[in-house]
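Every value quoted in this text rests on a predicted model; they were computed, and no experiment measured them. Every chain is numbered from 1, with letters handed out A, B, ... down the list of sequences. Quick note: numbers below take in every heavy atom, side chains included, and nothing from hydrogens, waters or symmetry partners.
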Amino acid sequence: MRTSDYARILEGTAHLIELTGGNAFRAKAFDRAARTLRKYAGDLDALIERGEHVGMDGIGTALARDLVVIQQTGTLPLFEELRAQLPDGILELVQIQGLGPKKVKKLYDELAVGSLEELADAIESNAVSKLSGFGPRTQDNLARELERLQRQSGRTPLPRALEIAEPVVAFLRGLDSVEAAELAGSARRGRETVGDLDFIVAATDPEAVMQAFVTMPDVTEVLAHGPTKSNVMLLDAMSADIRVVAPDRYGSALHHFTGSKDHHVDLRSRAKARGLRICEYGVFNAADTDDSNPLASASETDVYAALGLPFIPPELREGGGELDRAGRGALPRLLELSDLRGDMHMHTTASDGRSSIEEMAKAAKALGYAYIVITDHSKSSVIANGLDEERLLRHMDAIDAVDAAMDGIRVLKGIEVDILRDGTLDLDHAVLDRLDFVVGSIHAGFRMDRATVTARLLRAIGTGKLHAIGHPTGRKLGSRDGYELDMEALIAGCLEHRVALEINASTGRLDLNDTHARMAAEAGVPIVINTDSHSAGGFTQMGFGVTIARRAWLGPEQVINTRPWDQVMAALGR
DNA sequence: GCCGTTTTCGGCCCGACTGTTTTCAGTCG
């Protein structure tokens with residue numbers, strides 16, 4: 001069973017408990033356990049088999065037993081029992097914005113609505129607006145939400161979300177009474193996909209800010225508009241919330257709306273243990289029931305300090321043990337963009353890039369890099385005009401010529417060699433030996449099962465000719481899932497043969513992701529962060545790789561391209 | 001169902017906004 005299967009069953013059980021009028025806290029417990037599982041990057045199946053899942057966050061004796069049952073039978077009796085009482089489509093209804101368990105239950109009890117289609121029919125016949133507790137406005141909102149679901153579903157990749165959000169932040173900062181404005185929420189934490197955008201503003205005239213916000217040109221729909229909080233649709237693509245607060249409450253508000261939910265749950269229990277209370281208006285004495293006298297609220301640093309903690313970077317606020325570590329003063333010094341001295345995976349006009357070797361070198365030098373490695377495709381990638389041995393040898397001479405002509409940056413010879421279906425490499429080993437850096441990647445034959453792909457990668461690593469595995473899972477963000485892979489086996493192989501795993505920072509990939517990168521680095525595998533640029537403009541994507549690294553708790557010492565070139569091989573242990 | 005420097009029982013975050021209501025339940029983050 002895959003991790004997502006376990007999580008899906010627990011999540012479904014949580015919804016069904018609520019829908020059948022069960023104990024809401026019991027439902028919450030199932031939901032919390034599901035989230036804990038989704039966060040676990042290792043082999044959950046094996047963990048359960050070893051009985052080591054007992055004691056995970058939110059998993060007590062009962063849920064631990066339930067997980068064993070799911071492993072053995074593929075499902076859970078409680079889940080099946082509740083599911084038999086309601087149509088399957090009802091779980092889709094809970095996903096709709098504006099529909100919670102109570103309203104879904106009412107729709108089902110009174111109108112027999114048990115699926116998205118039936119809801120559409122009920123709206124069509126105007127029956128929804130006649131239910132008590134509903135009304136014409138609610139019916140309209142549901143109709144719009146259904147339409148939106150059909151048009152687009154799910155979360156927006158982080159790069160696209162930032163593209164939409166950054167102009168809005170600039171707009172808000174330019175308004176008259178605004179002292180500070182920031183993008184909060186999961187985008188600020190750097191999650192690879194973003195559900196909706198949250199903007200926090202410190203301003204002396206909240207209503208003016210609110211009015212300006214809801215009338216921005218990018219706003220295609222106003223969903224809510226209050227004196228301090230509004231919700232709009234931006235470019236028909238993303239829902240965006242805004243909160244305006246007094247400047248002296250900016251820190252606590254920014255903190256509150258940055259989340260995550262799990263981080264806040266942990267933080268509140270810590271506050272409680274210290275006789276404190278924390279909300280969006282600040283940190284208070286628990287006994288202090290009004291919000292006028294906060295102990296801390298102006299900055300996030302103040303908020304954490306009031307709880308006896310150092311500032312915790314947003315990327316770590318996922319409820320993944322960051323409070324414990326912060327409390328012991330043991331947070332890592334996280335990687336920063338300025339730590340990186342080189343980029344070791346990029347393409348030129350020799351294969352499928354759009355810039356020359358020289359253009360790449362000049363752009364990299366302008367960014368302050370000390371070295372780059374030119375890694376064009378190998379011959380199997382025919383569509384990408386990949387190089388055979390003969391063309392590669394000539395290409396190497398061209399790289400040397402640019403290197404000799406450039407001051408202040410090393411231009412090194414590499415290749416992104418295809419890992420073929422049988423795990424052999426696409427180029428002659430003797431030629432590979434003459435390169436400075438070899439990235440091995442899978443570009444074809446994705447439809448293999450987990451064991452076959454894993455063996456394929458391990459055989460490639462075993463050649464001893466690779467320095468790094470490029471985009472290790474092959475996923476394309478938002479469009480392709482990538483191949484199934486035994487990540488623990490890959491990590492063990494990389495450790496044994498001293499091969500780095502890449503965080504591919506190109507906006508279409510972000511691969512490795514944060515959980516896998518954390519897992520690899522904790523095991524001791526060297527990480528390399530590359531843009532896989534196909535033009536001189538592509539280097540700007542490096543920031544996304546750094547964000548993933550930070551979410552993976554990585555510091556500069558775990559990333560090989562923070563080192564000077566002459567120490568990179570040593571960092572690989574070679 | 002989970003959890004414990006307040007607890008092995010009794011809590012479980014809490015405030016804004018909407019839409020429907022005549023004072024508030026439901027939803028969201």
Side-chain angles (χ1 to χ4, degrees), chain A residues 10 13-14 17-18 22-36 54-67 76 78 93-107 128-142 145 184-187 189 194-200 206 210 222-232 239-245 249 252-253 255-284 286-287 289-291 308 319 327:
Chain A
L10 295 191
T13 307
I17 289 170
E18 286 196 302
N23 182 337
F25 294 111
R26 190 181 180 212
K28 210 171 254 182
F30 276 88
D31 194 56
R32 174 153 186 244
R35 275 185 291 131
T36 295
V54 182
M56 289 172 92
D57 258 0
I59 294 174
T61 48
L63 273 164
R65 252 199 319 270
D66 286 348
L67 288 174
L76 195 64
L78 175 64
L93 292 173
V94 195
Q95 314 291 343
I96 296 177
Q97 285 270 324
L99 275 190
K102 297 271 171 55
K103 285 195 160 155
V104 169
K105 190 169 190 316
K106 185 146 216 166
L107 284 168
V128 174
S129 68
K130 299 202 172 71
L131 285 180
S132 80
F134 290 71
R137 296 293 297 274
T138 304
Q139 181 170 279
D140 282 356
N141 289 341
L142 291 176
E145 196 54 39
S186 56
R189 301 199 310 276
V194 176
D196 52 22
L197 300 169
D198 301 277
F199 299 99
I200 306 302
M210 209 49 84
V222 179
L223 302 162
H225 180 185
T228 64
K229 177 185 166 178
S230 294
N231 175 230
V232 303
S239 159
D241 287 311
I242 189 171
R243 287 296 277 260
V244 184
V245 297
R249 305 298 176 96
S252 48
H255 179 263
H256 183 85
F257 290 100
T258 296
S260 67
K261 193 173 185 157
D262 291 348
H263 181 73
H264 282 302
V265 168
D266 290 353
L267 210 55
R268 286 209 167 85
S269 69
R270 183 181 174 95
K272 210 165 183 181
R274 293 164 174 250
L276 301 171
R277 168 174 73 84
I278 176 171
C279 71
E280 62 203 273
Y281 298 112
V283 181
F284 302 86
T289 50
D290 88 73
D291 287 345

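A close approach under 4.0 Å does not occur between any side-chain nitrogen or oxygen of Y281(A) and OP1 or OP2 of dC13(B). Distances shorter than 4.0 Å separate some side-chain N or O of R26(A) from OP1 or OP2 on dG1(B). One finds a side-chain N or O of R277(A) lying less than 4.0 angstrom from the OP1 or OP2 phosphate oxygen of dG15(B).
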Sort me out a list of protein N/O and nucleotides 18-21 of chain B N/O pairs below 3.5 Å, or just none if empty.
| unit_1 | atom_1 | unit_2 | atom_2 | d |
| --- | --- | --- | --- | --- |
| dT18(B) | OP1 | H225(A) | N | 2.8 |
| dG19(B) | OP1 | N141(A) | ND2 | 3.0 |
| dG19(B) | OP2 | R137(A) | NH2 | 3.2 |
| dG19(B) | O3' | T138(A) | OG1 | 3.1 |
| dT20(B) | OP1 | G135(A) | N | 2.7 |
| dT20(B) | OP1 | G135(A) | O | 2.9 |
| dT20(B) | OP1 | P136(A) | N | 3.1 |
| dT20(B) | OP1 | R137(A) | N | 3.3 |
| dT20(B) | OP1 | T138(A) | N | 3.3 |
| dT20(B) | OP1 | T138(A) | OG1 | 3.3 |
| dT20(B) | O5' | F134(A) | O | 3.1 |

Might you list the N or O atoms of the protein lying below 3.5 Å from N or O atoms in nucleotides 7-9 of chain B, with each pair's distance?
none

Inset, instruction - Evaluate the side-chain contact (heavy atoms from CB on, under 4.5 Å) criterion for residues L67(A) and L10(A): first the C-alpha distance (whole Å), next the side-chain angles of each, then the deciding distance (0.1 Å), finally the verdict. - result: CA-CA 9 Å; L67(A) 288 174; L10(A) 295 191; 4.1 Å; yes

Legend entry - Steps toward side-chain contact (heavy atoms from CB on, under 4.5 Å) verdict (F257(A), D241(A)): CA-CA 10 Å; F257(A) 290 100; D241(A) 287 311; over 6 Å; no

Inset, instruction - Please report the C-alpha distance between V94(A) and E18(A) in whole Å, then the side-chain angles of each, then the deciding distance to 0.1 Å, and finally whether the side-chain contact (heavy atoms from CB on, under 4.5 Å) criterion is met. - result: CA-CA 10 Å; V94(A) 195; E18(A) 286 196 302; 5.7 Å; no

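Considering every non-hydrogen atom in both V54(A) and A64(A), the closest pair reads CG2-CB, 4.0 Å. When every heavy atom of P227(A) is checked against every heavy atom of M210(A), the shortest pair comes out as O-CE, 3.9 Å.
Rounding to whole angstrom units, CZ of residue F284(A) and C1' of dC13(B) are separated by 14 Å. H264(A) places its NE2 atom 13 Å from the P atom of dC14(B), with the value rounded to the nearest Å. Separating the CG atom of L197(A) from the P atom of dC28(B) is a distance of 18 Å, rounded to the nearest angstrom. At whole-Å resolution of the value, NZ in K261(A) and P in dG15(B) are 16 Å apart. Atom CZ of R243(A) and atom C1' of dG29(B) are 9 Å apart (whole Å). Atom pair I242(A):CD1 and dC28(B):P shows a separation of 21 Å (rounding to whole Å applied). In this structure, D262(A) atom CG and dG29(B) atom C1' are separated by 13 Å, rounded to whole Å. Rounded to an integer number of Å, the gap from CD1 of I17(A) to P of dC2(B) is 11 Å.
Within 4.0 Å (heavy atoms only), F30(A) reaches sugar-phosphate atoms of the nucleic acid but no base atom. Residue S269(A) is out of contact with every strand shown, counting any heavy-atom pair closer than 4.0 Å. At the heavy-atom level, L78(A) lies nowhere under 4.0 Å from the strands shown. Across all strands shown, L99(A) has heavy atoms under 4.0 Å from sugar-phosphate atoms exclusively, and none from any base.
A donor-acceptor pair under 3.5 Å is formed between the side chain of R268(A) and the backbone N or O of I278(A). A donor-acceptor contact shorter than 3.5 Å is absent between the side chain of R249(A) and the backbone of E280(A). Using a distance-only test at 3.5 Å, with no hydrogens or angles considered, no donor-acceptor pair links the side chain of N231(A) to the main chain of V222(A).
Nucleotides dA16(B) and dG11(B) have their C1' atoms positioned 25 Å apart, rounded to a whole Å. As rounded to the nearest Å, dC17(B) and dT22(B) have P atoms that lie 22 Å from one another. Separating the P atom of dT23(B) from that of dC28(B) is a span of 25 Å, rounded to the nearest Å. Here the separation of dT21(B) from dG26(B), taken at their C1' atoms, is 13 Å to the nearest Å. Using atom P as the reference point in both dT7(B) and dC12(B), the two lie 16 Å apart (nearest Å). For the C1' atoms, the distance linking dT8(B) with dG1(B) amounts to 15 Å, nearest Å. The P atoms of dC24(B) and dC13(B) are separated by 23 Å, rounded to the nearest whole Å. dG10(B) and dG15(B) are spaced 25 Å apart, taking the P atom of each and rounding to whole Å.
Across the strands present, dG1(B) finds its partner in dC12(B); the criterion is a Watson-Crick or G-U wobble pair with both atom distances under 3.5 angstrom.
Atom-to-atom distance recorded for Q97(A):CD and L142(A):CG is 11.0 Å, nearest 0.5 angstrom.
By the 30° and 60° cut-offs, the orientation of the rings of H264(A) relative to H256(A) is tilted.
If S230(A) and G98(A) are placed on DNA chain B by their nearest nucleotide, the residue sitting closer to the 5' end is S230(A). Taking the nucleotide of DNA chain B with the nearest heavy atom to each of T228(A) and K102(A), the more 5' of the two is matched to T228(A).
The side chain of F25(A) lies closest to dC12(B), out of dT27(B), dC13(B), dC12(B).
Applying the salt bridge (Lys or Arg N to Asp or Glu O under 4.0 Å) test to every pair with at least one member in residues 24-34 of chain A, sequence neighbours left out, gives these pairs: D31(A)-R35(A).
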